[in-house]
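One structure is given below, encoded as structure tokens.
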Amino acid sequence: MRTGNHTEAATVIMVLFMVLLVFAILFGNLVTLAVVLGTKHFHTPQGYLKASLAVADLAVGIFVVPFHPCNVIGPIFAGCTLVSITTIFLLTIERSIAVLRPLHKESVITRKRTMILIVLSWVGSFFLAVSPLVFSSEIALEYNSCSRMCNYALGTIGEFPRQAWNILLLFPAFDFTLLGGTVVINIISLSSIRQNSKRRKHLAESEVHSTTKPTFSDIKAAKTIGTLTVAFTASFTPIAVFVVGNVLGNKWCNFSFFAFWILATNSCWNVIIYSVRDQKFRLCAHKLLMPFQRNSTAKT
């Protein structure tokens, strides 16, 4: 009896968690899109990249969390994860140019180039997401009762399908390559910021205001992207470990549940990081929500 009650309580908590996560993802990323697209200040290459990231996170809340069919959940979850990683990488590149080469920022980072890169990131990510199903008949999408998600699984039993194993490992290999490059670039940018801060304390005032130095907003934005990178790396690492373990034949039932849903929660972290790190974003979001706050106050 206790076991039954315990199972029911766990199911209720799990469903409640998923419902709250859906609302958090939808609300946070709709606010992000409204602020970025509705405020002229954010109509920049960095703003467009943040909007692309918000769309990918929004798709997770709309399609992945509410349990659509496996053939929908699997590719969308994988594709949106790859888009997120690629976009964070592009944001890091954009910020590193602004910090390391401030004089070349306007000529190198243009809106047209940014839009082209955004389109390529979406096309490339979703092509990679469906590639296991296209290039191997031994790989199928199956609902996993442990993770409550649709996972890529090996359809053959017996002889180990080496080709399918190699295809499945493309995901963690691609992800960790981009994440590794992102971390390295962030370290270089933050090191440059630290050196500039030290110089500003010792150099004469005329040198401090040199145009070759990155602006305060560029420095703050670089630190924000660094925070995004840390958050995404922390949320993605468990799922990468699970994928490798699953390919090697390990079940890891409890671990798989936490791995997938920790990654899903990352879709509502971006707006929190923007709100904490970016005062202008916070002010714009507050202005955007003021009419709703007034209506709720009037009703009460």
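Just so you know, residue 1 is the first one in the sequence shown, and it goes up from there. Any value given below was found using the heavy atoms of this structure, including those in side chains, with hydrogens, waters and symmetry copies removed. Bear in mind the structure is a predicted one, so any value in this text is a computation, not a measurement.
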With side chains defined as the heavy atoms from C-beta onward, is the minimum distance between [X] and [Y] less than 4.5 Å?
X: Phe77; Y: Leu263; result: yes
X: Phe281; Y: Val271; result: yes
X: Phe258; Y: Pro238; result: no
X: Leu128; Y: Phe174; result: yes
X: Cys268; Y: Leu21; result: yes
X: Leu228; Y: Trp269; result: no

Could you pull out the closest heavy-atom pair between [X] and [Y], with the gap in Å?
X: Ile193; Y: Lys223; answer: CG2-CE, 4.0 Å
X: Ser107; Y: Thr110; answer: O-CG2, 3.7 Å
X: Ser84; Y: Phe232; answer: CB-CE1, 3.7 Å
X: Val99; Y: Pro102; answer: O-CD, 3.7 Å
X: Leu37; Y: His43; answer: O-NE2, 2.8 Å
X: Phe42; Y: Cys284; answer: CE1-SG, 4.0 Å

Show your reasoning for whether side-chain contact (heavy atoms from CB on, under 4.5 Å) applies to Leu100 and Ile188.
CA-CA 9 Å; Leu100 300 175; Ile188 295 171; 4.0 Å; yes
Residue pairs fulfilling salt bridge (Lys or Arg N to Asp or Glu O under 4.0 Å) with at least one residue in residues 94-104, sequence neighbours excluded:
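For residues 94-104: Arg95-Asp218.
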Apart from Leu20 itself, residues in the same hydrophobic cluster as defined by side-chain heavy atoms under 4.5 Å:
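Leu20 shares its hydrophobic cluster with Leu16.
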Which value, rounded to the nearest 0.5 Å, describes the distance between [X] atom [atom1] and [Y] atom [atom2]?
X: Arg111; Y: Thr44; atom1: CZ; atom2: OG1; value: 7.5 Å
X: Thr81; Y: Asn266; atom1: OG1; atom2: CG; value: 8.5 Å
X: Thr114; Y: Leu91; atom1: OG1; atom2: CG; value: 9.5 Å
X: Lys280; Y: Lys220; atom1: NZ; atom2: NZ; value: 10.0 Å
X: Ile93; Y: Leu117; atom1: CD1; atom2: CG; value: 10.0 Å
X: Ile187; Y: Ser96; atom1: CD1; atom2: OG; value: 13.0 Å

Carefully, step by step, assess Ile185 and Phe89 under the rule side-chain contact (heavy atoms from CB on, under 4.5 Å).
CA-CA 9 Å; Ile185 295 170; Phe89 177 75; 4.0 Å; yes
Ser189 side chain to Asn186 main-chain N or O, any donor-acceptor pair under 3.5 Å?
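Not a single qualifying donor-acceptor pair exists.
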Could you pull out all donor-acceptor pairs under 3.5 Å where a side-chain atom in residues 45-65 meets a protein atom, sequence neighbours excluded?
unit_1, atom_1, unit_2, atom_2, d
Gln46, OE1, Lys50, NZ, 3.1
Ser52, OG, Trp122, NE1, 2.8
Asp57, OD1, Ser267, OG, 3.4
Asp57, OD2, Asn270, ND2, 2.6

Take Leu179 and Phe236 through the test side-chain contact (heavy atoms from CB on, under 4.5 Å) and record every step on the way to the result.
CA-CA 10 Å; Leu179 278 177; Phe236 176 77; 3.6 Å; yes
Path from [X] to [Y] over hydrophobic side-chain contacts below 4.5 Å:
X: Val230; Y: Ile225; value: no
X: Ile88; Y: Val123; value: no
X: Ile73; Y: Val130; value: yes
X: Val119; Y: Leu178; value: no
X: Val36; Y: Phe27; value: yes

Check the pair Thr265, Phe17 against side-chain contact (heavy atoms from CB on, under 4.5 Å), reporting the backbone distance first and the verdict last.
CA-CA 10 Å; Thr265 56; Phe17 164 75; 3.8 Å; yes
NE2 (His41) with more than 12 external heavy atoms under 6.0 Å:
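Enclosed.
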